[in-house]
Amino acid sequence: MIDLELVRKEPEKVEENLQRRRNPEYLRLLAEVRSKDSEWRALRKQADELRRQRNELSQRMAGAKTAGGPTPELVAEAKAIPERLRAVEDRENELLRDRDAALMRVPNLLDDSVPYGKDDSENVEVAKWGEPAPPGDRMPHGDALEALGMAEFDRAHRVSGAGFYYLRGPIVLLDLALQRMAIDFLMERGFTPVIPPFMLRREPYEGVTDLADFGNVMYKIEGEDLYLIATSEHPLAALYRGEILDEERLPIRFIGLSYNFRKEIGGHGVDQKGIFRTHQFFKIEQFIFSRPEDSPKLHEELRANAEELFRRLRIPYRVVNVCTGDVGTVAAKKYDIEAWFPRQQAYREVVSCSNCTDYQARRLGIRMGKAGKPGKSVPHTLNSTAIATSRALAVIVEQYQQPNGSITVPDVLRPYLGGRKELVADAARI
RNA sequence: GCUGAGGUAGCCUAGUCCGGUAAGGCGCCAGCCUUGAAAGCUGGUGGCGGUCUCGCCUCGGGAGUUCAAAUCUCCCCCUCAGCGCCA
């Protein structure tokens, strides 16, 4: 949620920023917020005056009670006010509801450095690392895993549907090794690991995500006010809902460990079979609560951490500055890291790194303060993938695939696999 | 799931039976005192406003009764405790 005070004081600045998204709906929402708000403020003045009269009469009645009871004239006068007040109050509440509903749908204000673009094809490359490998005669990662007996897709689809998978054998250890490597790396940099709830109630969830996600992305638990999390970013952001964070203790750095559940996984494209797009995947996430002035610097820190992890895995990648059409409603600025998939001869997204500024924190009612006293300012929240293991495994299987189909273990992961250098087919598989 | 106790300002608590417009403490801020600090004393300290020595709002949420609701009635939400179930 953007700052209502800013909308009141510098509406042209807000409008100019929203213009950059070139979506007329957002300008309409802003106009609605402004008109409902000024109408509400005018009406509130009226209501305040009526309430003042009512309070004054009530005081006189209270005095008259001890002096032998109020006169009939006084009672009649007092009775007339609630009727008039009710009409004004009903309208007042309606305006407030409409204003806030519109405000909740206004997207975050964009950072100046976000490029204009209509969709992800217009994201701007800002960095690149490593030598993209040629395709050779590699198998797509899904087929390779199946051939090694390390994944079951058909059986998973029969019991859970498309978008699900079984992993089995040594690839599971590789998954755990990736997790552990990322956790160790981040703990050395001051991050605290957290296993959050994997389900959230609706109200806190509305604080962290686009309202449209409730229909498109999240799984709802039937008969309960609970949603499966789409990323650990969400429960981490909601952790301090309604609280006051001591500004002396910021930034707070967390590592989120969770499975993530998503209804929408897209579809078409080459090499669809596999674990690149799934309804369920594991992710190690970086998350930070920061002071407003520190968030741009910390955003770069998150990006640098994610880049370093992929460099340690020796996986070529590039970084894009995500354009207006792809940045979403919550982030003010976003980088994606796209790893090189040699079989597809394409860079594909493996990391998403966002500075959400005060948008989530304000929706969640998180404030900053000193010594427990609330201040005016709202902290910033930032999040970035460290390693989403499914996608990292997919790119490792392509990148490290040997002519005989086996998978070389990246050097940096070997300590986590007891020194193991290679993953080979499971001869005993059924 | 059952039973009970609760939800009051940044925090803790009183007020609820019996309706009259949030008392007190902690913390924080300022002043006094002090070489300095602590202690002590005095004052201030929820939100909003276009009228700012004024006004309105605020007691988990909503609806109702009333001239008037933290207080009475109804519905809902949440937390804790005990019991039940359970890896």
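Chain identifiers are assigned alphabetically (A, B, ...) following the order of the sequence lines, protein sequences preceding nucleic acid strands; residue numbering begins at 1 within each chain.
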Which nucleotide sits closest to the side chain of A/K45: B/G47, B/G49, B/U51?
-> B/U51
Sugar-phosphate, base or nothing in reach of A/R86, heavy atoms under 4.0 Å = sugar-phosphate
Whole angstrom value for the distance that separates P of B/C77 from CD of A/E206 = 17 Å
Using the C1' atoms only, state how far B/G1 lies from B/A9, rounded to an integer number of Å.
-> 36 Å
To the side chain of A/R8, which of B/G47, B/G50, B/G49 is closest?
-> B/G49
Between B/U21 and B/U42, how far is it from one P atom to the other, in whole Å?
-> 27 Å
In Watson-Crick or G-U wobble terms, with both distances under 3.5 Å, the base opposite B/C54 is B/G49
Let me know the distance between CD1 of A/I244 and P of B/C28, rounded to the nearest Å.
-> 15 Å
A/E285 and A/K283 ion-paired at < 4.0 Å = yes
If only side-chain N and O atoms of A/N55 are considered, is one of them under 4.0 Å from the OP1 or OP2 phosphate oxygen of B/A68?
-> no
Identified pairing partner of B/C18, criterion: Watson-Crick or G-U wobble below 3.5 Å = none
To the nearest Å, how far apart are A/E203 CD and B/C76 P?
-> 18 Å
Take the protein atom CD of A/E56 and the nucleotide atom C1' of B/C54, then report the distance between them rounded to whole Å.
-> 13 Å
Determine the interatomic distance between P on B/C57 and the same-named atom on B/G62; round to the nearest Å.
-> 15 Å
Is the phosphate of B/G55, meaning OP1 or OP2, less than 4.0 Å from a side-chain N or O of A/R51?
-> no
Aromatic contact, A/H234 with A/Y205 (centres under 6.0 Å) = yes
Between A/F289 and A/Y240, does the ring centre distance come in under 6.0 Å?
-> yes
Rounded interatomic separation in angstrom, taking CZ from A/R52 and P from B/G50 | 19 Å
Would you call A/R91 and A/E39 a salt bridge, using N to O less than 4.0 angstrom?
-> yes
Take A/Y335 and A/H299 through the test ring pair (Phe, Tyr, Trp, His ring centres under 6.0 Å) and record every step on the way to the result.
-> CA-CA 9 Å; A/Y335 294 117; A/H299 190 213; 4.9 Å; yes
When the distance from CZ of A/R367 to C1' of B/A9 is rounded to whole Å, what number comes out?
-> 10 Å
What distance, rounded to whole Å, do you find between the two P atoms, one in B/C54 and one in B/U45?
-> 13 Å
Give A/R201 one of three labels, base, sugar-phosphate or nothing, depending on what nucleic acid heavy atoms sit under 4.0 Å from its own.
-> sugar-phosphate
B/C32 pairs with which nucleotide, Watson-Crick or G-U wobble, both distances below 3.5 Å?
-> B/G40
What interatomic distance, in whole Å, is found between C1' of B/G27 and the corresponding atom of B/G10?
-> 8 Å
Sort out the partner of B/A63 for me: Watson-Crick or G-U wobble, both distances under 3.5 Å, none otherwise.
-> B/U73
G-U wobble or Watson-Crick pairing nucleotide for B/G84 (cut-off 3.5 Å, both distances) = none
Face-on cation placement of A/R262 at A/Y219 ring, 6.0 Å and 45° thresholds = no
Which part of the nucleic acid does A/A47 contact within heavy-atom distance under 4.0 Å: base, sugar-phosphate only, or nothing?
-> nothing
Which value, in whole Å, describes the distance between the P atoms of nucleotides B/U51 and B/U13?
-> 41 Å
Rounded C1' spacing from B/C72 to B/C59 in Å = 16 Å
Under 4.0 Å between a Lys/Arg side-chain N and an Asp/Glu carboxylate O for A/E308 and A/R312?
-> yes
Integer-rounded Å distance: B/C11 C1' and A/D246 CG = 14 Å
Say you pick atom P in B/U66 and the same atom in B/U73; how far apart are they, in whole Å?
-> 16 Å
With a 3.5 angstrom cut-off on both distances, give the Watson-Crick or G-U wobble partner of B/A5, or none if there isn't one.
-> B/U79
N or O in side chain of A/R54 less than 4.0 angstrom from B/C57 OP1/OP2 = yes
Gap between atoms CG and C1', on A/D37 and B/G49 respectively (whole Å) | 12 Å
Is any side-chain N or O of A/R41 closer than 4.0 Å to OP1 or OP2 of B/G50?
-> yes
